[in-house]
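Notes follow once the structure below has been shown.
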Amino acid sequence: MKPPAPYNEPVRGYAPGTPERESLSRRLDQMAAEVVEIPMVIGGEDRRTGSTFPAVMPHDHAHVLGTVHQGGEAEMADAVEAAERARPEWSSAPWEDRAAVFLRAADLLAGSWRDTVNAATMLGQSKTAQQAEIDAACELCDFLRFNVDYMLRIYEEQPLSPPGAWNRMDYRPLEGFVLAVTPFNFTSIAGNLPSSAALMGNTVVWKPSQTAALSAHHLMRMLRAAGLPDGVINLVQGDPASMVASALADHRLAGVHFTGSTTVFRGIWRQVGEQIDRYRNYPRLVGETGGKDFILAHASAEVPALATAILRGSFEYQGQKCSAASRVYVPRSLWPELRERLGDEVPGIAMGDVRDFSNFMGAVIDRRSFERQRAAIEEARGDGYEVLAGGGTDDSRGWFVRPTVIVAQDPDARLLRDELFGPVVTIHVYADGGFEDAVELVDRTSPYGLTGGVFATDREAIRLAENRLRYSAGNFYINDKPTGAVVGQQPFGGARASGTDDKAGSLWNLTRWVSPRAIKETFDPPREYRHPYQG
């Protein structure tokens with residue numbers, strides 16, 4: 001059997017007067033006017049504990065969208081048991097049946113569920129319509145469709161069979177359950193981490209971010225509507241540290257599919273290492289973590305394109321993308337023009353409630369993020385820095401941080417090194433003729449290796465940066481911003497402190513969720529143990 005060919009879901013523009021804009025606006029109003037109860041889902045059953053926390057709008061933090069039921073070690077244990085009960089039947093199901101569930105989910109998301117999932121992402125995670133559309137709708141549709149194609153490409157990779165024998169590779173699901181720990185910033189990642197492992201025949205315990213509880217709730221409902229069997233994916237909520245630790249302590253842990261901070265992933269790796277003797281198998285650890293992503297400009301760069309890349313790459317979705325541009329290196333010859341453009345454009349960036357479609361930005365996700373950005377901006381008001389544009393913060397209604405451009409004199413300044421995960425970009429101006437030194441700065445200043453881009457029209461400069469920065473970014477862009485990887489076009493992931501580089505949106509990621517078994521069948525086996533040379 002051959003499934004439908006995958007394709008990238010077309011991005012809707014939501015221009016004024018269009019039917020999609022009117023439809024999404026209506027759904028936003030409906031969902032903003034209700035407070036939904038958000039249970040966990042364990043073994044196909046809604047689980048309510050009575051211990052709850054509110055899901056709120058980051059741009060209006062007094063506005064409660066939902067009441068989220070959370071659990072503890074007992075609920076995590078129940079979720080693991082539910083996954084284990086479902087595993088024998090799901091792991092032996094024909095691939096066509098597994099694929100059909102997720103292909104149907106993609107079409108539901110592209111159609112009748114689109115407004116709901118987009119609206120949940122906008123309201124609960126403060127994404128604009130454009131950012132929600134490319135993430136929650138289009139990218140997740142792409143993951144669901146392309147993963148089926150990648151699965152079949154893996155299955156088709158088979159060994160040679162000489163005359164008299166048939167050699168084949170059985171791509172078994174992992175023996176045990178997979179723990180999926182997902183972030184707030186991409187609904188598509190929250191959907192892909194559990195579903196990609198499940199597509200390959202695994203059963204999953206899914207722990208989403210507490211600040212993305214509303215969209216996770218609707219994704220789970222959508223997957224169940226698509227026919228996902230009970231227990232294949234189990235959704236749990238609660239304190240991240242204790243619940244994850246509880247799952248890691250179970251001897252049946254087969255793998256961890258993680259996106260989040262470098263610190264948390266290192267903690268998971270450490271806990272697994274300390275408990276390695278208890279596991280039935282060595283757990284697969286797949287993580288996409290932090291980034292301090294760069295834009296490097298050569299003297300031959302076109303300043304209008306460079307400025308646009310900084311504005312979009314740094315400030316779309318409030319800089320809360322692991323790929324967001326957060327450090328920029330510019331030659332002195334280009335700096336006056338770039339400085340003027342940024343100084344003119346940044347103050348006019350519209351920010352506010354994402355239900356107002358004229359806004360380019362919303363609020364940062366929570367108070368913790370707000371305080372981190374405010375502290376960085378205050379630091380930048382000290383010696384060695386200049387706040388070129390922005391710098392304002394206001395938490396009276398929502399967690400708003402104005403897009404901020406900082407200039408650092410010291411190339412080793414903290415704000416050029418540490419991840420902030422917000423709408424703050426730091427620029428270092430290097431001496432004309434010092435491009436090779438700037439390349440070295442990019443490589444050594446930060447421990448991360450996720451995304452980065454070079455702007456130049458000089459081909460020799462492009463080649464030099466591409467070669468010297470080979471390990472500085474798992475996704476490298478030439479004359480483009482370092483954000484916006486598309487499934488099927490740019491498989492995403494980085495190394496160093498940015499993760500295991502297993503490339504979400506590719507077959508390389510899906511290979512981590514299978515355990516190959518080589519099978520040899522001999523058609524006419526020998527019946528004499530002696531060899532001819534013994535005659």
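Keep in mind the model is a prediction, meaning the values are calculated, not measured.
- Contact detail for P183 and S209: the closest heavy-atom pair is C-CB, 3.7 Å.
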Worked check of salt bridge (Lys or Arg N to Asp or Glu O under 4.0 Å) between R153 and E157: CA-CA 7 Å; R153 287 168 60 183; E157 180 61 35; over 6 Å; no
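- The backbone N or O of R114 lies less than 3.5 Å from no partner atom in the side chain of R27, so there is not a single donor-acceptor pair.
- Ring orientation note: the planes of Y329 and H428 are nearly perpendicular, at an angle over 60° on the 30°/60° scale.
- Counting only N and O atoms by type, the side chains of E316 and T483 include no donor and acceptor under 3.5 Å apart.
- In this structure, the side chains of K292 and L420 come closer than 4.5 Å at one or more pairs of heavy atoms.
- For the pair V244/L179, a side-chain contact is recorded, criterion being any heavy-atom separation below 4.5 Å from C-beta on.
- Side-chain N or O atoms of Q318 include one that pairs as donor or acceptor with a backbone N or O of A363 at under 3.5 Å.
- A salt bridge is absent between R417 and D410: the closest approach of a Lys/Arg side-chain nitrogen to an acidic carboxylate oxygen does not fall below 4.0 angstrom.
- For the pair L219/L140, a side-chain contact is recorded, criterion being any heavy-atom separation below 4.5 Å from C-beta on.
- Taking CZ from F143 and CG from N192, the interatomic distance works out to 4.5 Å, rounded to the nearest 0.5 Å.
- Between K503 and N509, every side-chain heavy-atom pair lies at or beyond the 4.5 Å cut-off.
- Residues I406 and L415 share a closest heavy-atom pair of CD1-CD1, 3.9 Å.
- Under the 3.5 Å distance criterion, the side-chain polar atoms of N202 are matched with a main-chain donor or acceptor of W513.
- One N or O on the side chain of T404 and one on the backbone of R402 form a donor-acceptor pair closer than 3.5 Å.
- V264 places none of its side-chain heavy atoms less than 4.5 Å from the side chain of V181.
- Remark: side-chain polar atoms of R284 are paired, donor with acceptor, to backbone N or O of V514 under 3.5 angstrom.
- Checking N185 against D135 by side-chain atom types alone, no donor-acceptor pair falls below 3.5 Å.
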Test side-chain contact (heavy atoms from CB on, under 4.5 Å) applied to R444 and S472, step by step: CA-CA 9 Å; R444 72 168 173 80; S472 302; over 6 Å; no
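- Note that K207 lies outside the cation-pi zone of F258, set by a 6.0 Å cut-off to the ring centre and a 45° limit from the axis.
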Salt bridge (Lys or Arg N to Asp or Glu O under 4.0 Å) evaluation trace for D395 with R367: CA-CA 8 Å; D395 62 348; R367 177 162 297 282; 2.8 Å; yes
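- Taking CE from M361 and NE2 from H59, the interatomic distance works out to 13.5 Å, rounded to the nearest 0.5 Å.
- Residues P331 and V429 share a closest heavy-atom pair of C-CG1, 4.2 Å.
- Contact annotation: the side chain of I365 never approaches that of F421 to less than 4.5 Å [non-hydrogen atoms, C-beta and beyond].
- No side-chain donor-acceptor contact under 3.5 Å links T289 to the backbone of T262.
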Residue pair R372, D418: steps toward the salt bridge (Lys or Arg N to Asp or Glu O under 4.0 Å) verdict: CA-CA 11 Å; R372 182 168 61 249; D418 293 353; over 6 Å; no
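- Considering R21, E22, E133 as possible partners of Y14, the one that fulfils the side chain to side chain donor-acceptor pair (under 3.5 Å) test is E133.
- When side chains are defined from C-beta on, Y150 does not count as touching S196, because their heavy atoms never get closer than 4.5 Å.
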I478 and E466: CA distance, side-chain angles, deciding distance, side-chain contact (heavy atoms from CB on, under 4.5 Å) verdict: CA-CA 9 Å; I478 300 170; E466 187 175 355; 4.1 Å; yes
Intermediate values then yes/no, salt bridge (Lys or Arg N to Asp or Glu O under 4.0 Å), D107 and R145: CA-CA 9 Å; D107 277 15; R145 291 175 179 142; 3.0 Å; yes
Worked check of side-chain contact (heavy atoms from CB on, under 4.5 Å) between S369 and Q373: CA-CA 6 Å; S369 175; Q373 311 314 315; 3.6 Å; yes
Solution key, residues 348-357 side-chain donor-acceptor pairs under 3.5 Å, sequence neighbours excluded:
residue: D353; atom: OD1; partner: R355; partner atom: N; Å: 2.9
residue: D353; atom: OD1; partner: R355; partner atom: NE; Å: 3.2
residue: D353; atom: OD2; partner: R355; partner atom: NE; Å: 3.3
residue: D353; atom: OD2; partner: R355; partner atom: NH2; Å: 2.8
residue: D356; atom: OD1; partner: S358; partner atom: N; Å: 3.0
residue: D356; atom: OD1; partner: S358; partner atom: OG; Å: 2.7
residue: D356; atom: OD2; partner: S358; partner atom: OG; Å: 3.3

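- Ion pairing of R463 with E460 is absent here, as no side-chain N (NZ or NE/NH1/NH2) approaches a carboxylate O to less than 4.0 Å.
- Ring orientation note: the planes of F435 and H298 are nearly perpendicular, at an angle over 60° on the 30°/60° scale.
- The backbone N or O of D293 lies less than 3.5 Å from no partner atom in the side chain of Y448, so there is not a single donor-acceptor pair.
- In this structure, F476 and F294 have tilted ring planes: the angle between them lies in the 30° to 60° band.
- Under the 3.5 Å distance criterion, the side-chain polar atoms of S506 are left unmatched by any main-chain donor or acceptor of P491.
- Taking CZ from F146 and CD from E139, the interatomic distance works out to 11.5 Å, rounded to the nearest 0.5 Å.
- Counting heavy atoms from C-beta on, the side chains of P304 and R341 come closer than 4.5 Å.
- Checking side-chain atoms of R332 against main-chain N and O of A431 turns up no donor-acceptor pair under 3.5 Å.
- Of all heavy-atom pairs spanning P3 and L152, the tightest one is CD-CD1, 3.3 Å.
- Not one N or O on the side chain of Q490 forms a donor-acceptor pair closer than 3.5 Å with the backbone of N475.
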Residue pair L416, L441: steps toward the side-chain contact (heavy atoms from CB on, under 4.5 Å) verdict: CA-CA 10 Å; L416 285 167; L441 272 179; over 6 Å; no
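- Residue T445 holds its OG1 atom at 5.5 Å from CZ of R327, rounded to the nearest 0.5 Å.
- Under the 3.5 Å distance criterion, with hydrogens and angles disregarded, no donor-acceptor pair is assigned to the side chains of S261 and T263.
- Inspection of the D432 and S333 side chains reveals an N or O donor paired with an N or O acceptor under 3.5 Å.
- Between F455 atom CZ and D480 atom CG the span is 6.0 Å, to the nearest 0.5 Å.
- Considering CG of L123 and CD of Q125, their distance stands at 10.0 Å, rounded to 0.5 Å.
- The aromatic rings of W269 and F265 sit perpendicular, their planes meeting at an angle over 60°, well past the 30° parallel limit.
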